[in-house]
Amino acid sequence: MSHTIVIFGASGDLTSRKLIPALYLLHKKGRLPESTRVVGVSRTTFTSDAWRADLEETTRKFTGDSFDAAAWTEFAAQVYYQPGDLQDSGDMETLAGFLNELEGGEASRIYYLSTMPKLYPIAVEMIGAAGMADQSQGPRRVVIEKPFGTDLTTAQQLNSRVHKVFAEDHVYRIDHYLGKETVQNLLVLRFGNSIFEPLWNRNYIDHVQITVAEEVVVGRRGGYYDTSGVMRDMVQNHLLQLMMITAMESPVRFDASMVRGEKVKVLQAIRPMTGADFAQNTLRGQYDGYLNEEGVPSNSQTPTFTALKLWVDNWRWQGVPFYLRSGKAMSCRTTQIVIQYKEPPLTLFEHCESLEGNRLVIQIQPAEGLQVHIQSKVPDAGMRTRTTDLDFRFRRQFAGDLPDAYQRLLLDAIQGDASLFARSDEVELAWGIVDPILAAWNSPAASPLMKYEPGGWGPEESTKWMYKQGRQWFDVC
Ligand code: BG6
């Protein structure tokens, strides 16, 4: 069966920066199924040739040394453009006719929604109304970019409108963090090895830290970012995804239903915050200079940093806090998960530095790999010890660049594997965790918005907050 990927929002940034380069690189590596075609749809009037020429330029830019003119020409021959307004039923019927003619029979189709988020429900309804969600001529799947709603209510409304046209099995909600090799490797680390899992619980682990720090400021995205802030932009999706994979039980099989079933149980076990919890367990900050960003109101209270302490009420994790932290304008770009083990029950040796329990540091990016921190004897110094590490880096062990997340996710969507996509209940449960915190933050008493200088690790209070709990952030670039 042939495949068609229909991209709505074809003239947008995501299409040229991520989707087309990923599809082109998949083609170049011979991973795209034979006769896969790409059809771009947007309101801009382009011809297919003009769109191909534009895409060639941007793909050359975004794939760098991996660009190969001959492979591009081959790929571009299967790229088409169809101008149209997805809100216009005439245009959608024309598109349906164009696709049917192009495919000439049975074909599997993906509708990739890369439009403005407010158009997602309309796009899905118009696809349905034009008969394009009819599954009789081959599977019809829809891929929906984040943000999936702006709170629980809007996410539920979106789910319900989408489900009127597509069954859940055909809905692929993207969180690009799940496409990262190192995030998938976390599943392999935990469930493909036997030495970590026995130690992966409340008996040995003191706490878990999940940090997604970005050096960048919001820049030109101020208009969008200010309505979103760090909770909606990063925590509801990327950080909770990392937390689910860190905390989940082993699935019985590696398939979409089992994996997502286990992930959802983690969200269900997160203890809801009430009353004083918001003041004690949440921090929020805004970097100095944010108010001068283009598109940001001068009195904006939108947080660009947060630190949260969450509890997972189940047998494995009872009593183990999960610290989640994310911010813009931080010291460096790093995404890492730190599993902090308890200290040994008895101190027999003298330490060079302060005593540290073992630590497993999972580097999601950019220095992809992992380190196990262990105490070692300092040579020729009696029985003094120091923290040293066992260091695994992807780049040392494997040749070639790690593929961009979109390659894996697009291929999975083409092949009908939804394991690395968010399910409807997962997205709604995640909003159910984020919404009460956002509501509490409407009252400054819950957790005042603290200013922080760009280039550090967020508000000073964040460091003090950890010290008060007898812990410290593991801040390493
Ligand atoms: C996006 C957010 O989802 O993820 C951005 O909207 C953020 O604000 C980006 O910068 C981070 O992604 P990555 O892959 O660079 O860590």
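Treat the numbers as computed from the prediction; the structure is a model and nothing was measured. Every number for a ligand or one of its atoms is a count from 1 in the order of the listing.
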Next item on the list: Look at Arg60 together with Glu57 and state whether they make a salt bridge at an N to O cut-off of under 4.0 Å.
Entry: no
Next item on the list: Look at the aromatic rings of Phe392 and Phe398 and report parallel, tilted or perpendicular, splitting at 30° and 60°.
Entry: perpendicular
Margin query: Using a 4.0 Å cut-off to any heavy atom of Lys328, which atoms of ligand 1 qualify?
Written below: 5 (C), 7 (C), 8 (O), 10 (O)
Margin query: Suppose I only count heavy atoms of His238 and a 4.0 Å limit; which atoms of ligand 1 are within that range?
Written below: 1 (C), 3 (O), 4 (O)
Checklist line | ring pair (Phe, Tyr, Trp, His ring centres under 6.0 Å) contacts touching residues 402-448 (sequence neighbours left out) | finding: Tyr172-Phe421
Margin query: Suppose we measure from atom 9 (C) of ligand 1 to each protein heavy atom; which comes out shortest, and what is that distance?
Written below: Glu214 OE2, 4.0 Å
Notebook entry, point to check: Tell me, which protein residue and heavy-atom name are nearest atom 12 (O) of ligand 1, and how many Å apart are they?
Noted result: His176 NE2, 3.2 Å
Checklist line | Top protein contact for atom 16 (O) of ligand 1, by heavy-atom distance | finding: Tyr177 OH, 2.5 Å
Notebook entry, point to check: Does the N or O separation between Thr335 and ligand 1 drop below 3.5 Å for any pair?
Noted result: no
Next item on the list: Evaluate the ring planes of Tyr81 and Trp51, with Trp represented by its six-membered ring, and classify them as parallel (under 30°), tilted (30 to 60°) or perpendicular (over 60°).
Entry: tilted
Margin query: How far is atom 15 (O) of ligand 1 from the closest protein heavy atom, and which atom is that?
Written below: Arg333 NH2, 3.4 Å
Item checked: Non-neighbouring partners of Asp277 that pass salt bridge (charged side-chain N to carboxylate O under 4.0 Å, His left out), sequence neighbours left out -> none
Notebook entry, point to check: Quick check, are the ring centers of Phe148 and Tyr120 under 6.0 angstrom apart?
Noted result: no
Note to self: Below a 4.0 angstrom heavy-atom separation, can you tell me which part of Tyr225, side chain or backbone, both or neither, approaches ligand 1?
What the structure shows: neither
Checklist line | For atom 14 (O) of ligand 1, the protein heavy atom that lies nearest, with its residue and separation | finding: Lys180 NZ, 2.6 Å
Next item on the list: Take the angle between the ring planes of Trp72 and Phe75 and call it parallel below 30°, perpendicular above 60°, tilted in between.
Entry: tilted
Checklist line | For atom 6 (O) of ligand 1, closest protein heavy-atom neighbour | finding: Asp233 OD1, 2.6 Å
Next item on the list: Please say whether the positively charged group of Lys180, taken as NZ for Lys or CZ for Arg, lies over the ring of Tyr177, i.e. under 6.0 angstrom from the six-membered ring centre and within 45 degrees of the axis.
Entry: yes
Next item on the list: Check ligand 1 against Lys146 and write out every atom of the ligand that is under 4.0 Å from a heavy-atom position of the residue.
Entry: 1 (C), 2 (C), 3 (O), 6 (O)
